Amino acid sequence: MTSALSIRDLKKTYKNGHVALKGISLDVARGDFFALLGPNGAGKSTTIGIIATLINKSGGEVSIFGHDIESDPAAAKSCLGLVPQEINFNQFEPVEEIVANQAGYYGIPRAEAFARAERYLRQLGLWEKRRTMARTLSGGMKRRLMIARALVHEPRLLILDEPTAGVDIEIRRSMWQFLREINAAGTTIILTTHYLEEAESLCRNVAIIDEGELIENTSTRQLLNTLHMETFILDIDNPLERLPELPGYSVRLIDECTLEADISRDRAMNQLFQDLSAHDIKVLSMRNKTNRLEQLFMRLVEGNGNTGVQA
Amino acid sequence: MTPQQKFTAFRTILTKEVLRFARIWIQTVLPPMITTALYFIVFGNLIGPRIGEMDGFVYMDFIVPGLIMMSVITHSYANVVSSFYGSKFQRHIEEMLVAPVPNYVILTGFIGGGVARGLTCGIAVTLVSLFFTSLNVYNLWVMFSMIVLTAILFSLAGFINGVYAKSFDDISIIPTFVLTPLTYLGGIFYSINMLPEFWQNVSLANPILYMINAFRYGFLGISDIRLAASYAISIAFIALLYGFSILLLRRGYGIRT
């Protein structure tokens, strides 16, 4: 079975000589929920721009559901829905028209286009705003409008380039749920995000691009398994002036009521709690210091020589 | 895409373009009516009687076709250049580029919008002229065909300007420094037979002269230029600009990185 997306030796050199992609090869399986990660300037948006035919490639091949974007662009484009990073709709058009017009560009008749626009605007909580000029929408609404617009022709592959950037947590979580549902219904999704919690929560497979090269391409679970050490923050009940001896653990006192502990993944945590109890220290709550994927991301990208990363 | 789907895409772009200028009719349709009313008052009513007849017609009647044509030229050009540049500036041209719409459908959609605005303004100016003079119609077919060809031609010119434009200044330079002088020197207010021979020959290099004269023929049955030459020039320019526009779209000039 052909992949939803197949990229072979993709290269891009811009006119100013900047080499954005140095020969990336990647496959995304049908039905996958795939994360494309990387620091700023790594080449993620260039890759997406080439897939969407908004950027001309310098070399290599890209096919969407077996349709080459160069030799069979119409078929390839019909399979693809794109939610770009930047707002790119006409700010002076009503919401409903933006979505219905997009359907029209795919040859969907006007009546059907408006019916679909209604369906997706309702699903994304924008139906009440259908007659509103797009420029007056909030940031989160504008993002949801771009998702509705990308889905209106019912693409088999949906690419979202940082869809939740600048969106508050409540809307972000409702967008996650919506994306899970359309993925469960069969749409392949590729996501780029700076919120690694988002990738960890949603995506089954992950690729990391750095400086135009693919430095990791595996399943999210496998990637997380390579994490040997995790750091936890422990909130304790009684203030401590000095940390007691806890042999075998690396524990630090952050403030009088907070401990930070590095714990190896192959070590049970029960012993730590027993040792803390022995010193009459009660743990009220515990959480990860950083997102697990974020730790891995930093390690991989720093290992690739990039020190100016922004996860 | 099937032919039916391509037609749907064309109709979508055309509808979007028409709604765009209709929403802002105060900026797009009203100004030519006011400007032309002033021309009629100043040149037709106040100065016209002192000028007397031009090619056997009262001056007011002589300038009406030229003023209608000027409005069509200006507004078909302005519609496409501002709409296309705006779609580049706000990046919503990408909505069409990611879809499987063929380049010629995108182009004809924008041109359709330009023609629609050009004709709307032309009709509006014609209605205004009825307050000042009665309309003669000598040959309706010539009148209609020439105004449509002119609107297509200047919509294409506006499209090319929009493709090359990198700032809002760039979309006003050509209309101000090229289009307006050529239009005014294209025989709206005078017959080129009034000019010395040298300037008559120079005027023949101005393509707008051919269109205004053919259009005037449709109204009054007079023209400084042979009708066949006017059609040949208009169709040749349309073919040239259409081919060039398609080439620009295919190369993605100014719209793809």
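Keep in mind the model is a prediction, meaning the values are calculated, not measured. We name chains A, B, ... by the order of the sequence lines, and we start the count at 1 in each one.
With a threshold of 4.5 angstrom between heavy atoms, A:K12 approaches chain B through side-chain atoms but not through N, CA, C or O. For chain A, no part of B:T2 is nearby; none of its heavy atoms comes within less than 4.5 Å. Of the two parts of B:L19, only the side chain, counted from C-beta on, holds a non-hydrogen atom closer than 4.5 Å to a non-hydrogen atom of chain A. Of the two parts of A:M133, only the side chain, counted from C-beta on, holds a non-hydrogen atom closer than 4.5 Å to a non-hydrogen atom of chain B.
Ion pair A:E97/B:R23 flagged as a salt bridge, since at least one NZ, NE, NH1 or NH2 atom sits closer than 4.0 Å to an Asp/Glu carboxylate oxygen.
Remark: A:E70 CD is loosely packed, at most 12 non-hydrogen atoms of other residues, nucleotides or ligands lying under 6.0 Å away. For A:Y14, the OH atom sits in a packed shell: over 12 heavy atoms of surrounding residues, nucleotides or ligands are nearer than 6.0 Å. In B:F40, the CZ atom is crowded: over 12 heavy atoms of neighbouring residues, nucleotides or ligands sit closer than 6.0 Å. For CZ of A:R8, the number of neighbouring non-hydrogen atoms (other residues, nucleotides, ligands) closer than 6.0 Å is greater than 12. Counting non-hydrogen atoms of other residues, nucleotides and ligands closer than 6.0 Å to NZ of A:K57 gives a total above 12.
The stretch residues 102-119 of chain B places none of its residues near chain A, where near means some heavy atom under 4.5 Å from a heavy atom of that chain. Chain A is approached within less than 4.5 Å, heavy atom to heavy atom, by B:Q90, B:R91, B:H92, B:E94, B:E95, B:M96, B:L97, B:V98, B:A99 from residues 80-99 of chain B, ordered by number. Interface with chain B: from residues 75-93 of chain A, residues A:K77, A:S78, A:L82, A:E86, A:I87, A:N88, A:F89, A:N90, A:Q91, A:F92, A:E93 qualify, criterion being any non-hydrogen pair under 4.5 Å. Identified by a heavy-atom distance below 4.5 Å to chain A, contributing residues of residues 157-182 of chain B are lacking entirely.
Interface summary for chain A: among B:Q5, B:K6, B:Q4, the most heavy-atom pairs under 4.5 angstrom belong to B:Q5. The greatest number of non-hydrogen atom pairs below 4.5 Å with chain B, out of A:H153, A:R149, A:R110, is found for A:R149.
Separating the OG1 atom in B:T15 from the CG atom in A:N101 is a distance of 7.5 Å, to the nearest 0.5 Å.
Of all heavy-atom pairs spanning B:P100 and A:Y105, the tightest one is CD-O, 4.1 Å.
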